Amino acid sequence: MSVPKAFSASQTVPEQWYTGSLFSPSPAETKAGALAVEPYFQGAVPSGRFDAQGEIRPVTAQRSVSQYTLIKYGLTDRLSIYSLPTFSYGWGKGQSSTGVKFNDLPIELHYNILTARPARYRPSVTAYLGVIAPTGNYSGLSQSQNGVGQGVWFLRFGFQSQSVYRLMGHAARLRIWAVGRQPLTTAHLHDITSYGTSTGFLGTAHPGTFGNEGASFEYGLTKSWVMSLDLYGTWAGSTELTGKYRKTSQVVHTRSSWSGSYNLGPAMEYNWSPAMGFIGGVIVPFTGHNASRAIMPEVAVNMVF
């Protein structure tokens with residue numbers, strides 16, 4: 001099938017500086033020794049919950065702010081190591097603030113199976129493989145809102161493809177991806193936990209597989225200014241909770257429903273150079289089922305050394 005002239009793979013693509021869209025994962029670094037650091041600040045303003053039929057229902061939930069930093073280092077010209085340390089803070093809705101909490105920690109290897117050819121169309125393909133370490137508080141809490149972890153090791157896996165085109169005389173970049181997280185262990189729980197249990201509970205939780213997939217589009221207005229848009233879906237399998245309340249001998253054995261949502265993430269990027277840029281935008285869930293709904297403004301600075 002021929003490519004339309006306005007959206008061409010056969011012409012040289014203009015030089016373009018990118019930060020990267022708000023949500024899409026990036027490929028591995030293409031140079032050994034390259035270090036990418038991208039600190040994000042993200043707010044979350046609850047705006048209801050999608051029920052099983054996709055209707056938005058009111059819900060009482062705290063507002064929160066998170067600070068997470070993408071760190072990626074090129075071990076070779078194809079292989080990178082990646083981590084995403086995250087801190088969060090919640091407050092409001094008549095509940096005590098959570099204080100600053102350190103969340104579960106992703107650590108991952110990124111491998112470029114196929115590397116893009118500079119200035120001309122050729123997609124890169126990156127494979128992801130890693131873990132999530134259970135570093136966040138999840139059990140024996142003083143209050144339920146302090147739970148920011150799941151208490152389980154997860155396997156992280158997936159892929160990402162990135163390609164660049166010439167569109168109406170400007171550079172356009174397309175990313176597609178699909179990633180999953182598979183639990184490897186079981187969470188052992190007592191008392192107040194992030195799984196909704198209260199004082200006196202003793203048992204286990206086995207969270208379901210979860211993940212996301214989607215596409216992002218970035219269009220260069222000038223070499224420095226870029227419009228970007230993410231369109232992606234998130235999903236999570238059933239969580240099984242088993243245990244007993246010690247004082248009442250009440251037995252608990254529940255299984256949650258599958259959940260999911262679809263989200264839009266429009267943003268603007270400004271890049272001072274090929275190695276430094278800023279992005280600001282907002283993520284908005286527009287449909288879903290059995291999932292919380294929050295409007296999430298985000299800003300980030302991307303730096304490559």
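Keep in mind the model is a prediction, meaning the values are calculated, not measured. What you see below is based on every heavy atom in this structure, not just the backbone, and it leaves out hydrogens, waters and symmetry mates. Residues take their numbers from the sequence shown, with the count starting at 1.
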Any side-chain heavy atom of [X] sitting closer than 4.5 Å to one from [Y]?
| X | Y | value |
| --- | --- | --- |
| Pro297 | Gln42 | no |
| Val37 | Tyr73 | no |
| Pro46 | Gln62 | no |
| Gln150 | Asp104 | yes |
| Thr193 | Tyr138 | no |
| Pro14 | Arg166 | yes |
| Phe102 | Pro85 | yes |
| Met268 | Leu221 | yes |

Judged by atom type as modelled, is there a donor-acceptor pair below 3.5 Å linking the side chain of [X] to the main-chain atoms of [Y]?
| X | Y | result |
| --- | --- | --- |
| Asn112 | Thr115 | no |
| His170 | Gly220 | yes |
| Thr204 | His188 | no |
| Glu29 | Leu75 | no |
| Thr234 | Gly260 | no |
| Asn302 | Ala275 | no |
| Asp191 | Gly140 | no |
| Glu269 | Tyr18 | no |
| Lys72 | Glu38 | no |
| Ser216 | Leu229 | no |

* Would Tyr128 and Leu109 satisfy side chain to side chain contact (heavy atoms under 4.5 Å, CB included), going step by step from the backbone distance to the final call? -> CA-CA 6 Å; Tyr128 303 137; Leu109 292 174; over 6 Å; no

task = Could you walk me through whether Leu189 and Tyr195 pass the side chain to side chain contact (heavy atoms under 4.5 Å, CB included) test, one step at a time?
result = CA-CA 9 Å; Leu189 311 176; Tyr195 291 87; 3.9 Å; yes

* Asked: Where do Gln145 and Gln143 land on the side-chain hydrogen bond (donor to acceptor under 3.5 Å, both in side chains) test, with the steps shown first?
  -> CA-CA 6 Å; Gln145 56 266 39; Gln143 53 183 3; 3.0 Å; yes

To the nearest 0.5 Å, how far apart are [atom1] in [X] and [atom2] in [Y]?
| X | Y | atom1 | atom2 | result |
| --- | --- | --- | --- | --- |
| Ser26 | Trp177 | OG | CH2 | 11.5 Å |
| Gln162 | Ser124 | CD | OG | 4.5 Å |
| Trp235 | Asn212 | CH2 | CG | 9.0 Å |
| Thr135 | Asn103 | OG1 | CG | 7.5 Å |
| Asn290 | Ser238 | CG | OG | 9.5 Å |
| Ser21 | Glu298 | OG | CD | 10.0 Å |

Exercise for review: Give a yes-or-no answer on whether the side chains of Gln67 and Thr69 include a donor-acceptor pair shorter than 3.5 Å.
Suggested key: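 Yes, side-chain donor-acceptor contact under 3.5 Å.
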
- Query: Just by distance, with hydrogens left out, do Ser24 and Arg175 show a side-chain donor and acceptor under 3.5 Å apart?
  - Reply: yes

Between Ser64 and Tyr89, is a side chain to side chain contact (heavy atoms under 4.5 Å, CB included) present by the stated rule, with each step listed?
CA-CA 5 Å; Ser64 66; Tyr89 178 88; over 6 Å; no

Kindly say whether the aromatic ring centers of [X] and [Y] come within a distance under 6.0 Å.
| X | Y | result |
| --- | --- | --- |
| Phe201 | Tyr245 | yes |
| Tyr232 | Phe23 | yes |
| Phe50 | His289 | no |

Hydrophobic cluster membership, with links at side-chain heavy-atom distances under 4.5 Å among I/L/V/M/F/W/Y: are [X] and [Y] in one?
| X | Y | result |
| --- | --- | --- |
| Leu264 | Ile56 | no |
| Val299 | Met227 | yes |
| Ile71 | Val301 | yes |
| Phe41 | Met303 | yes |
| Val45 | Val65 | no |

If I compare all heavy atoms of [X] with all of [Y], which pair ends up nearest, and what's the gap?
| X | Y | answer |
| --- | --- | --- |
| Val148 | Ser88 | CG1-OG, 3.7 Å |
| Arg181 | Ile132 | CG-CD1, 3.8 Å |
| Ala28 | His110 | CB-O, 3.5 Å |
| Leu114 | Pro123 | CD2-O, 3.2 Å |
| Thr185 | His206 | O-ND1, 3.8 Å |
| Arg49 | Ser292 | NH1-N, 3.3 Å |

Next item on the list: Walk me through it: do Phe210 and Phe154 pass the test ring-ring contact (aromatic ring centres under 6.0 Å, His included)?
Entry: CA-CA 10 Å; Phe210 67 97; Phe154 282 88; 5.2 Å; yes

Problem set entry | Pair Asn271-Thr19, side-chain hydrogen bond (donor to acceptor under 3.5 Å, both in side chains): steps then yes or no | CA-CA 7 Å; Asn271 301 277; Thr19 296; 2.6 Å; yes

Can Lys101 and Asn146 be said to form a side chain to side chain contact (heavy atoms under 4.5 Å, CB included), step by step? CA-CA 8 Å; Lys101 299 294 182 182; Asn146 286 349; 3.9 Å; yes

Problem - NZ/NE/NH1/NH2 to OD/OE distance under 4.0 Å, Lys31 and Asp77 - result: no

### Message
Other residues, nucleotides and ligands only: do more than 12 of their heavy atoms fall within 6.0 Å of OH on Tyr40?
### Response
yes

>> Within the supplied structure, the quantity of interest is the number of heavy atoms (other residues, nucleotides, ligands) at a distance under 6.0 Å from Arg246 CZ; does it exceed 12?
In response: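 Yes, the 6.0 Å shell around CZ holds more than 12 heavy atoms from other groups.
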
Open item on the list: Tell me whether the rings of Tyr219 and Phe217 are parallel (<30°), tilted (30 to 60°) or perpendicular (>60°).
Closed with: parallel

Under the ring-ring contact (aromatic ring centres under 6.0 Å, His included) test against Tyr270, which residue among Trp17, Phe278, Trp225 passes?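 Going through the options one by one, the only one that passes is Trp225.
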
